[in-house]
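Here the structure comes first, spelled out in structure tokens, and everything after it is commentary.
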Amino acid sequence: MKAIVQDGYGSQEVLKLQDIEKPVVEDDEVLVRVRTAAIHAGDWLLVTGRPLLFRPGFGFSKPRKRVPGFDFAGTVEATGRDAKGFHPGDEVFGDAAHGSCAEYVVVSEDKVEVKPANLTLEQAAVVPVSGTTALRGLRDAGKVRAGQHVLINGASGGVGTFAVQIAKALDAEVTGVCSTKNVEMVRSIGADHVIDYTRNDFTKNGERYDVILDNVANHSLADCRRALTPDGILLTNNGTSGNRWIGPLGRMAAAAVLSLFVRKQRPPFYAPVRKRDLVDLKKLIEAGKVTPVIDRTYPLSETGDAMGYIGEGHARGKVAITV
Ligand SMILES: NC(=O)c1ccc[n+]([C@@H]2O[C@H](COP(=O)([O-])OP(=O)(O)OC[C@H]3O[C@@H](n4cnc5c(N)ncnc54)[C@H](OP(=O)(O)O)[C@@H]3O)[C@@H](O)[C@H]2O)c1
């Protein structure tokens with residue numbers, strides 16, 4: 001099968017289109033013919049191998065998993081003996097946690113769901129990682145309630161475009177923070193207020209928020225907390241800030257330690273995709289409350305360019321790869 005293969009770390013040039021063996025489905029897995037894959041900020045870390053402190057997990061000189069990509073949507077081709085929830089021909093979406101930038105992917109049954117009826121496969125492919133992060137950040141970690149004022153920093157990105165819509169679905173009043181070119185888009189997906197960060201600093205404008213979801217890490221934790229109401233909480237969601245050695249780990253460690261003593265500071269949350277979250281996202285999508293925002297679509301052979309674009313940190317919604 002055709003797949004993108006990575007045999008070292010670097011920039012997008014390390015990603016090459018090759019023919020490799022089609023994966024073999026295990027008992028609890030589903031084999032999917034991928035139609036669209038999607039990439040996110042975390043995929044870029046695996047291309048660069050940065051921060052270096054992550055290398056024991058990634059692989060020291062090259063990634064342990066050669067085929068990148070988490071998100072996918074496609075058609076079930078075969079099922080393992082114990083994967084009884086799916087049948088060949090089902091149109092599904094899910095998170096393969098590596099390997100989706102390929103014609104076929106095998107994935108555990110509990111990371112796949114039948115795609116939302118009102119989405120194309122391309123739209124469905126971009127939902128799992130970013131949608132789950134936004135859902136679990138706001139609903140579970142943030143416990144957002146109706147009427148609360150929620151600020152999404154990085155509202156125009158992959159996570160942010162889901163977060164704005166999910167916060168609205170939770171009946172919150174929503175402020176999105178983005179650059180000038182994205183103000184109208186963020187408003188169009190439901191934000192009640194939009195702050196253009198090139199003109200206005202949300203940590204200094206005197207407004208107070210009940211929940212801040214920070215996807216960017218461009219302000220100190222203390223500055224973000226000062227923009228909260230007395231009972232407000234700060235959700236620190238960032239995997240791409242910091243230097244080449246420790247990356248976001250310093251900020252994450254600070255958030256984790258501070259959360260033990262400072263009520264407004266919540267620990268960083270990690271939101272791996274679960275089937276029940278895919279089901280909840282599907283309900284929101286089919287109810288018309290959430291619609292994926294796709295910025296660009298690249299062919300599989302140009303996955304490197306797609307990754308480079310994600311690495312620039314200014315995607316306008318999600319980036320999809322047609323397989
Ligand atoms: N917790 C988890 O399980 C989990 C899962 C996935 C991702 N993440 C993390 O979530 C973060 C966001 O990911 P993503 O996929 O949404 O990234 P993304 O798609 O690359 O989006 C980044 C967004 O940040 C905005 N931005 C850049 N500078 C900004 C600033 N100074 N103020 C406000 N917005 C700014 C950009 O908007 P403009 O173009 O308008 O500047 C862009 O839309 C990443 O650090 C990622 O590692 C965490």
Side-chain angles (χ1 to χ4, degrees), residues 38-48 50-51 54 69-71 95 97 111 126-142 151-166 175-187 189 191 194-205 212-220 223-224 227 234-242 247-252 255-256 266-274 277 281 292-296 306-320:
I39 55 174
H40 70 290
D43 287 303
W44 178 244
L45 298 184
L46 287 155
V47 173
T48 59
R50 303 269 176 91
F54 283 0
F70 285 60
D71 287 332
D95 169 16
K111 301 263 183 189
V126 307
V127 174
V129 170
S130 299
T132 299
T133 304
L135 181 71
R136 290 180 61 188
L138 294 170
R139 181 194 65 187
D140 302 346
L151 179 132
I152 313 292
N153 192 29
S156 55
V159 175
T161 47
F162 283 103
V164 168
Q165 298 180 75
I166 289 169
T175 295
V177 183
C178 60
S179 66
T180 316
K181 69 180 192 305
N182 291 321
V183 167
E184 278 316 309
M185 184 274 282
V186 170
R187 210 188 302 281
I189 57 173
V194 184
I195 295 176
D196 176 347
Y197 68 75
T198 67
R199 294 174 187 181
N200 192 337
D201 179 343
F202 78 87
T203 67
K204 294 195 177 118
N205 66 5
I212 294 176
L213 175 64
D214 177 22
N215 297 309
V216 186
N218 58 320
H219 298 284
S220 72
D223 282 351
C224 291
L234 171 61
L235 300 168
T236 308
N237 173 46
N238 190 268
T240 46
S241 63
L249 290 177
R251 190 174 174 95
M252 286 160 78
R266 290 298 143 100
F269 65 94
Y270 172 54
V273 171
R274 307 174 302 189
D277 301 314
L281 286 163
V293 177
I294 297 180
D295 177 358
R296 294 185 182 182
M307 287 281 191
Y309 180 58
I310 282 283
E312 290 168 14
H314 292 284
R316 195 168 191 251
K318 294 291 304 175
V319 173

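Every number for a ligand or one of its atoms is a count from 1 in the order of the listing. Atom set for the values below is all heavy atoms of this structure, side chains included, hydrogens, waters and symmetry mates excluded.
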How far is [atom] from its nearest protein heavy atom, and which residue and atom name does that atom have?
atom	value
atom 7 (C) of ligand 1	Val159 CG2, 4.0 Å
atom 37 (O) of ligand 1	Ser156 OG, 3.0 Å
atom 25 (C) of ligand 1	Gly154 CA, 4.0 Å
atom 44 (C) of ligand 1	Thr240 OG1, 3.7 Å
atom 12 (C) of ligand 1	Asn215 O, 3.5 Å
atom 41 (O) of ligand 1	Tyr197 OH, 2.4 Å
atom 40 (O) of ligand 1	Ser179 OG, 2.6 Å
atom 26 (N) of ligand 1	Val216 CG2, 4.1 Å

With heavy-atom distances below 4.5 Å as the criterion, would you say the side chains of [X] and [Y] are in contact?
X	Y	value
Ile152	Asn215	yes
Asp201	His219	yes
Asp277	Arg139	yes
Thr240	Pro248	no
Val177	Val186	no
His314	Asn182	no
Val127	Phe162	yes

>> Heavy atoms only: which of Gly317, Gly176, Gly157 lies closest to atom 23 (C) of ligand 1?
In response: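 Nearest heavy atom to atom 23 (C) of ligand 1 lies in Gly157.
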
Any nitrogen or oxygen of [X], main chain or side chain, under 3.5 Å from a nitrogen or oxygen of ligand 1?
X	answer
Gly42	no
Cys178	no
Ala271	yes
Ser130	no
Asn237	yes

Closer than 4.0 Å to some heavy atom of [X] - which atoms of ligand 1 meet that?
X	value
Asn238	45 (O)
Ala315	19 (O), 42 (C), 43 (O)
Tyr270	3 (O)
Lys181	39 (O)

Could you see which bit of [X] sits under 4.0 Å from ligand 1, with heavy atoms only: side chain, backbone, both or neither?
X	result
Asn218	side chain
Thr133	side chain
Asn153	side chain

Grab the two heavy atoms, one from [X] and one from [Y], that are nearest each other, plus how far apart they are.
X	Y	answer
Asn205	Asn200	CB-OD1, 3.4 Å
Tyr309	Ala315	OH-CA, 3.9 Å
Ser179	Tyr197	N-CE2, 3.3 Å

> Does any N or O in the side chain of Ser130 come within less than 3.5 Å of the main-chain N or O of Val126, such that one atom is a donor and the other an acceptor?
Replying inline: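 Looks like no, no N/O pair under 3.5 Å.
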
>> Surrounding NZ of Lys204 (heavy atoms of other residues, nucleotides or ligands, distance under 6.0 Å), is the total greater than 12?
In response: no

>> Can you see whether Phe269 has Arg136 sitting over its ring - NZ or CZ less than 6.0 Å from the centre and within 45° of the normal?
In response: no

> At a 4.0 Å cut-off, with the gap strictly under it, does some heavy atom of Gly313 reach an atom of ligand 1?
Replying inline: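 Checking ligand 1 against Gly313, which is what was asked, there is a heavy-atom contact under 4.0 Å.
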
